Every structure is written in C-alpha cells, then in structure tokens.
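Residue numbers count from 1 along this sequence. All values derive from a computational prediction rather than experimental measurement. Heavy atoms only: backbone and side chains are in, while hydrogens, waters and symmetry mates are out.
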Amino acid sequence: GDTTDLKVSGAKQYKWFIDQTTTDSLISYDSLIAVNPFFSTTYLVVGTDRFGCSSSDDISIRVNPKPDTRRIRGPANVCPGAKGIRFVVPNGTYTSIYHWTVTDEQGVSQAFTGQGNDTIVINFGNEKPLIYLSVWETNNFGCKGETMYYQVSLKTNYTPPPPTGPTEMCYLDAQNRLYEVPNPSSGATYKWFVNNGQIDGPDDQDKVLIDWYAPGTTPAQLTYQEIS
C-alpha cells in the first residue's frame, strides 16, 4: 500500500505506539515517522517536554481495500474478421472503472468499445495474427488493482478439437453421459448439436449431458461450435 508521513512538534522527546501505549507496541522515538499499514491502524504519540511533563495524541489511518480484479474471460482463438466478440472481467463492480488496452504485436492500439466498463467488444480485422488485451481496475476509493493480461490468436479455418466423453456404452447406460470441450477458451460460449440423442440441460456451456436414443440406422453424433 501507500506510505504516509506522520509528524509532531512542540516536545523534546517522543514515543510512537500502535493502538496502545505498551512496550510491545512502541515503534519510534522520532518526531517524524513513515508508516505503511496493511489494515486500518491507530497511531499514538506521547511527547515529553524538558520539564518532564507529558501529553499524548493519536491519529487513525484508514486503509481502503484494493480491487480484487479477476482474469479476463473471452475466446482465446477467433476467426479473422470476427465481429462483436466480448471480453469481460468476471464479477465486475459497477462502482469501479476498468482501464483497457487492446494492441497488436507492434503495440499499435486497436479499436474496441466499452472503455471504463468490465466488458468490452472487439471487431477483429483480417491482418493481425495476435491481439493483446490488458485491464486494470480503479475502485471507488481510488485504489488500483493488479493488471490482467490476455492474448487472442486469429486463426484462419480454425477447427476446435472434438469433445471428450464416452464413445461406446451399453444402451442401459446411455443416459446423462457427460461430454466436454477440451481446453475451453476462458469465457467462451458454445452451441451443441446431437444426432440420435437429446441434450439434457444447458447447451451453451463447455460441457453437456446427453441422453442417447436406442441403436438404429441413424448414427449417433455430437458436435459443438464455439460462439464467442
């Protein structure tokens, strides 16, 4: 956190304490001290003049919380020319300001919308193979959080890997079978498609439950599409 100076005058000798005037809490004999508390703290000072008379005073320093900025979420791979791709800081706080940068490999800024918010939208071009995102947060106390970084690759004819899950099973075990996207892009949404079966639950996440139908002439098949 930040460091601040505490200064007193008017006495010959000084003793600085934290929270209470005990030997264990004594921290300095100087008239000027620099403090860097990690949590809200009260500092007490006792001044003694040349006649041995003493008086005391105290000051409380409030330590405001630092933003707990989460990692950027969004697709790590997009097709060149993709439009309206969202990137978000999860669990964003409406009282905070989010400072985004979007650059190419040469550090040239790229256009986006949503500066100041926890979510931005990028319309990607066709010529930049890598795009770099960063964001840092300032909360309502004016405290700055850690900077988060994210890299996006533009890949022509990008084909995601096949889903993982059981490919052979007995018919009596064909219900509620779990399939997942290998190494899903952080924050991406998906669309699942199934032949000779049905989706049991949400179909826009990186995993899905399938109830397979009875064996027949229609082949059982499961595919997905990464949306954003």
query = Can you check side-chain contact (heavy atoms from CB on, under 4.5 Å) on Val8 and Asp57, steps first, answer last?
reply = CA-CA 10 Å; Val8 290; Asp57 202 353; over 6 Å; no
task = Under the side-chain contact (heavy atoms from CB on, under 4.5 Å) rule, what do Asp5 and Leu32 come out as? Steps first, then yes or no, please.
result = CA-CA 7 Å; Asp5 292 335; Leu32 173 66; 3.8 Å; yes
request  = Under the salt bridge (charged side-chain N to carboxylate O under 4.0 Å, His left out) rule, what do Asp104 and Lys128 come out as? Steps first, then yes or no, please.
outcome  = CA-CA 7 Å; Asp104 63 12; Lys128 306 294 185 180; 3.0 Å; yes
task = Any chance you could lay out the side-chain contact (heavy atoms from CB on, under 4.5 Å) test for Gln110 and Ile131, step after step, and finish with the verdict?
result = CA-CA 8 Å; Gln110 305 296 298; Ile131 297 296; 4.0 Å; yes
ask   = Can you check side-chain contact (heavy atoms from CB on, under 4.5 Å) on Ile61 and Thr4, steps first, answer last?
value = CA-CA 9 Å; Ile61 297 180; Thr4 188; 3.7 Å; yes
Lys155 and Asn77: CA distance, side-chain angles, deciding distance, side chain to side chain donor-acceptor pair (under 3.5 Å) verdict = CA-CA 7 Å; Lys155 296 184 177 180; Asn77 300 288; 3.3 Å; yes
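Side-chain N or O atoms of Ser31 include none that pairs as donor or acceptor with a backbone N or O of Lys7 at under 3.5 Å. Not a single donor-acceptor pair under 3.5 Å links the side chain of Asp30 to the backbone N or O of Ile33. Panel note: side chain Ser25, backbone Gln20; a donor-acceptor pair is recorded below 3.5 Å. Using a distance-only test at 3.5 Å, with no hydrogens or angles considered, no donor-acceptor pair links the side chain of Asp200 to the main chain of Asp211. A donor-acceptor pair is defined here as one N or O able to donate and one able to accept, closer than 3.5 Å; no such pair exists between the side chain of Tyr149 and the backbone of Leu133.
Atom CG of Asp118 is separated from atom CZ of Arg73 by 12.0 Å, given to the nearest 0.5 angstrom. Atom OG1 in Thr22 sits 10.0 Å away from atom CG in Leu44 (nearest 0.5 Å). Note that CZ of Phe17 is 10.5 Å distant from OG of Ser28, once rounded to the nearest 0.5 Å. Once rounded to the nearest 0.5 Å, the distance linking CZ of Arg177 with CH2 of Trp212 reads 10.5 Å. The distance from atom CG of Leu26 to atom CD1 of Ile18, rounded to the nearest 0.5 Å, is 9.5 Å. Taken to the nearest 0.5 Å, the CH2 atom of Trp16 stands 9.5 Å off from the CG atom of Asp58.
Of all heavy-atom pairs spanning Leu130 and Ser153, the tightest one is CD2-OG, 3.3 Å. Nearest heavy atoms, Pro80 versus Leu154: CA-CD2, 4.0 Å. The heavy-atom pair separating Lys66 from Gly145 by the smallest distance is CE-CA, 4.0 Å. Heavy atoms only, all atoms of each residue included: Pro163 and Leu222 are closest at CG-O, 4.0 Å. Minimum heavy-atom separation, Tyr43 to Pro37: OH-CB, 3.6 Å. Scanning all heavy atoms of the two residues, the minimum distance from Pro67 to Lys144 falls at CD-C, 3.7 Å.
The shortest side-chain heavy-atom distance between Thr113 and Ile122 does not fall under the 4.5 Å cut-off. No side-chain heavy atom of Asn36 sits under 4.5 Å from any side-chain heavy atom of Asp2. In this structure, the side chains of Val78 and Val152 come closer than 4.5 Å at one or more pairs of heavy atoms.
Salt bridge annotation for Lys191-Asp204: absent, with no cationic side-chain nitrogen under 4.0 angstrom from a carboxylate oxygen.
For residues 164-174, there are no salt bridge (charged side-chain N to carboxylate O under 4.0 Å, His left out) pairs, not counting sequence neighbours. Residue pairs meeting the side chain to side chain donor-acceptor pair (under 3.5 Å) criterion with at least one member in residues 129-139, sequence neighbours excluded, are Thr69-Glu137, Ser96-Glu137, Tyr98-Glu137, His99-Thr138, Thr101-Ser134.
Open room surrounds CD on Glu146; 12 or fewer heavy atoms of other groups in view lie less than 6.0 Å from it.
Remark: Trp192 engages Tyr224 in a ring-ring contact (aromatic ring centres under 6.0 Å, His included) (not counting sequence neighbours). Contacts of Trp100 classified as ring-ring contact (aromatic ring centres under 6.0 Å, His included), with partners at least two apart in sequence or in another chain: none. By the side-chain hydrogen bond (donor to acceptor under 3.5 Å, both in side chains) test, Gln205 is found to be paired with no residue, residues two or more places apart in sequence or in another chain being considered. Residues passing the side-chain contact (heavy atoms from CB on, under 4.5 Å) test with Ser54, sequence neighbours excluded: Val46, Thr48.
For the side-chain contact (heavy atoms from CB on, under 4.5 Å) criterion with Phe87, the lone passing option out of Ile120, Thr119, Val102 is Ile120.
Ile199 and Leu178 are members of different hydrophobic clusters when ILVMFWY side chains are connected at heavy-atom separations under 4.5 Å. One hydrophobic cluster, built from ILVMFWY side chains closer than 4.5 Å, holds both Ile59 and Tyr14. Cluster membership for Val121 and Ile72, using ILVMFWY side-chain heavy atoms within less than 4.5 angstrom, is not shared. Cluster annotation: Val194 and Tyr213 are assigned to distinct hydrophobic clusters (Ile/Leu/Val/Met/Phe/Trp/Tyr, side-chain heavy-atom contacts under 4.5 Å, transitive).
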